[in-house]
Amino acid sequence: MNERQTFQPSPETCSGAGVNDKAIYREAAADRETFWAGQAGQLDWFKPWEQVLDESNAPFYRWFAGGKLNAAYNCLDRHLKTERKTKAALIFEGEPGDQRVLTYQELYREVTKCANVLKSMGVRRGDRVAVYLPMIPELPVVMLACARIGAPHSVVFSGFGPGSLCDRINDCRAKLVVTADGGWRRGRITPLKDNCDEALAGCPSVEKVLLVRRTGKEVNFTAGRDYWYHDLMDGAPAACPCEQMDAGDDLFILYTSGPAGKPKGIVHSTGGYLTGVAATHRMVFDLRDDDVFWCTADIGWITGHSYAVYGPLANGCTSVLYEGGPDWPQPDRFWALIEKYGVNILYTVPTAIRSFMKWGTAWLENYDLSSLRLLGSVGEPINPETWLWYHQHVGGGRCPVVDTWWQTETGMILIAPLPGVTPLKPGSVTVPVPGVEAAVVDNAGNPVPPCGGGYLVLKTPWPAMLSTIYGDPDRYVAQYWSRFENAYFTGDGARWDEDGYFQVMGRVDDIINVGGHRLSTVEIESALAEHRTVAEAAVIGKSHKLKGQAVSAFVTLKEGFTGSPELAAELKTHVTRKIGALARPEDIFFTPEMPRTRSGKIMRRLLWEMAEGRVEADLDGPVAAARHGI
Ligand code: 6R9
């Protein structure tokens, strides 16, 4: 990171949110609680909080204790009293090209009706609702309907397979599942209902299924269990009062991969979460009232929850939803969407940007991208080359690029520039947002000197932090608050420079990051081990030009089976069916034995070096492996 590569904030492009004075960092650091209380005060509360931060039962911190609010009310009702009533809340475009615009008034009406539908299906405050939908307007509608009646939603990414869906439903014992007859992805229909039926064979808690018609594909329909969404919506009354939720009540559960395999249900509470996402959405994206904001992440991930749904709607801005792939029908779809809807802020992932680089700048040339004012990046490290390409070719050299570091657990962006204040350095997520304290520490928890590397930790609580791991508070403490004293451990390795700028290197645990999506090696290993031919499997993440990391699997077969390209293909399909296409191994290496340490641990480092091609596979030794790239 050298001087030459620093980009200074430009006053013309960054003044919307009024964050133009770097004093904000100092003021927030001097009194964090007052700073966050000021942000929370921008929401509507039914009852004000008694205490900003209750630390009496740390690390189970309680933000805005005693306060009452409703997230759906803050995203909808309160805007209806202003001119935002007739403004677009959601602009949706389906992959086949169909469009729908919902104003705040229209979205409000859909949500209240849907809330009544959920109630008529027996959902009560506190019940969990699993949501397995493609990127269609019904997804935010159902989320907000759940929030309205105080039923925590658990959205399961529509790219996950039946096994993952089943595990997630069972862990939170969801009563209802909302799904669709499919979704469009690269011209094909994702078989959501078939997956759901398969999953539900193992989910005793589910009583009913609410089914959205999206593709018109014929699907199985179990009378008495399955109900068509549109039928029930047609007859539903529009008036539905909001539940008054405690600030600490669960808003949603979102599962993420954690070390040791089993997905963790990350729980986010109502008051702190909404405060954190609304504030960071305003500050980091330098939001203006008439902005059209497009977060390209699927709502099945935290990025979509926070910055396609809750943040933008709480701030009354227009959020774009796009259902399909970036290269469908051809690699200019993003640029066509930006031009058509006049997108001002684009928030996407480095893996997509690397694909655009590969496809070439010619795809952008015929589009007017002058509406863009700001660009964001999230999900994985963005290297300077990719940052500079994004800045130059998408942003025309005039749009600041905000690289934002955060996690499912953190709920909101924690390390990112304020574009009106913070000079940018390509390849760095810059500094913690005001009111957040991060550090790079060594093994013993001591801060490393500038330019050193170590573990990324958070030294103080922040409003949108997870409140616990669903059903497993001990794991919450063990996972995040035990590695270092008085600090939250992120699981990431990082460096910082002499200006206090952070560079996040990636995970230091057994999580791999494929195109910005977190996968647990243990989960993939367990899926492989369930296959009839597999004795043992070890999975590592190898570097990949486009996706950042890709899954490589080493497999030892049971007696009587031999490795072949056909079997490798079968195992890949097996993982796709169990977990989803993201987890599909790029390579399968068959090996008669795993290399082990004396204590019996698999030598993952050696496997990694082999997968990277750094060491030759020794065909006669214990790491003998035949590569079957399909
Ligand atoms: C929001 C989200 C979290 C993990 C995180 C880190 C990686 C996210 C990053 C980044 C470098 C960035 N990560 N943003 N690494 N630079 N700007 O992605 O949440 O899916 O939980 O993943 O992603 O490793 O720990 P999640």
Side-chain angles (χ1 to χ4, degrees), residues 155-157 159-160 252-259 263-268 273 276-277 280-281 284 295-311 347-354 375-384 386-387 390 401-417 424-433 438 440 453 455-458 462 464-466 469 479-480 483 488-496 501-520 541 547-549 582-583:
V155 177
V156 180
F157 171 52
F160 279 134
F252 65 84
I253 305 163
L254 183 61
Y255 285 84
T256 186
S257 300
K264 301 176 293 190
I266 303 302
V267 183
H268 281 290
Y273 174 79
V277 298
T280 47
H281 181 250
V284 174
C295 164
T296 69
D298 194 287
I299 293 173
W301 304 98
I302 192 66
T303 305
H305 276 59
S306 300
Y307 299 104
V309 181
Y310 286 110
Y347 190 32
T348 194
V349 289
T351 188
I353 306 167
R354 288 191 294 263
L375 303 173
S377 175
V378 61
E380 47 173 328
I382 179 168
N383 55 312
T386 309
W387 194 106
Y390 192 29
V401 175
V402 292
D403 181 9
T404 65
W405 175 88
W406 58 296
Q407 308 178 299
T408 306
E409 293 87 340
T410 71
M412 67 190 227
I413 294 168
L414 291 189
I415 311 183
L424 309 173
K425 297 185 193 182
S428 166
V429 289
T430 75
V431 295
V433 299
V440 181
Y455 302 102
L456 180 63
V457 299
L458 303 164
W462 61 99
M465 63 193 296
L466 74 166
I469 292 178
Q479 186 97 63
Y480 304 109
R483 176 72 179 78
Y488 167 98
F489 178 42
T490 63
D492 280 337
R495 306 175 160 276
W496 51 7
Y501 272 49
F502 290 73
Q503 188 185 1
V504 179
M505 319 300 292
R507 305 290 306 186
V508 294
D509 50 24
D510 55 10
I511 302 297
I512 51 183
N513 189 329
V514 179
H517 301 308
R518 268 163 79 170
L519 296 169
S520 149
K547 298 189 265 190
Q549 279 189 306
L582 280 175

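Note that this is a predicted model, so its numbers are computed, not measured. Just follow the structure's listing: the first ligand is 1, and inside any ligand the first atom is 1.
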Partner set under salt bridge (Lys or Arg N to Asp or Glu O under 4.0 Å) for D492, not counting sequence neighbours = R507
Taking only residues two or more places apart in sequence, or in another chain, which ones meet W405 in a ring pair (Phe, Tyr, Trp, His ring centres under 6.0 Å)?
-> none
Consider only side-chain N and O atoms of T348 and Y390, and report whether a donor and an acceptor are under 3.5 Å apart.
-> no
Between ligand 1 and the protein, which N/O pairs fall short of 3.5 Å?
residue, atom, partner, partner atom, Å
ligand 1, 13 (N), G379, O, 3.3
ligand 1, 14 (N), G379, N, 3.1
ligand 1, 16 (N), E380, O, 3.4
ligand 1, 17 (N), D403, OD1, 2.8
ligand 1, 17 (N), T404, O, 2.8
ligand 1, 19 (O), T408, N, 3.4
ligand 1, 21 (O), T408, N, 2.8
ligand 1, 21 (O), T408, OG1, 2.5
ligand 1, 21 (O), R518, NH1, 2.7
ligand 1, 23 (O), G379, O, 3.3
ligand 1, 24 (O), D492, OD1, 2.7
ligand 1, 24 (O), D492, OD2, 3.2
ligand 1, 25 (O), Q407, NE2, 2.9
ligand 1, 25 (O), D492, OD1, 3.1
ligand 1, 25 (O), D492, OD2, 2.7
ligand 1, 25 (O), R507, NH1, 2.9

Residues T410 and Y488: side-chain donor-acceptor under 3.5 angstrom = no
Which atom names give the shortest non-hydrogen contact between T351 and G515, and what distance separates them?
-> CG2-O, 3.4 Å
Could I get the full list of ring pair (Phe, Tyr, Trp, His ring centres under 6.0 Å) partners for F252, not counting sequence neighbours?
-> H153, H268, Y273, H305
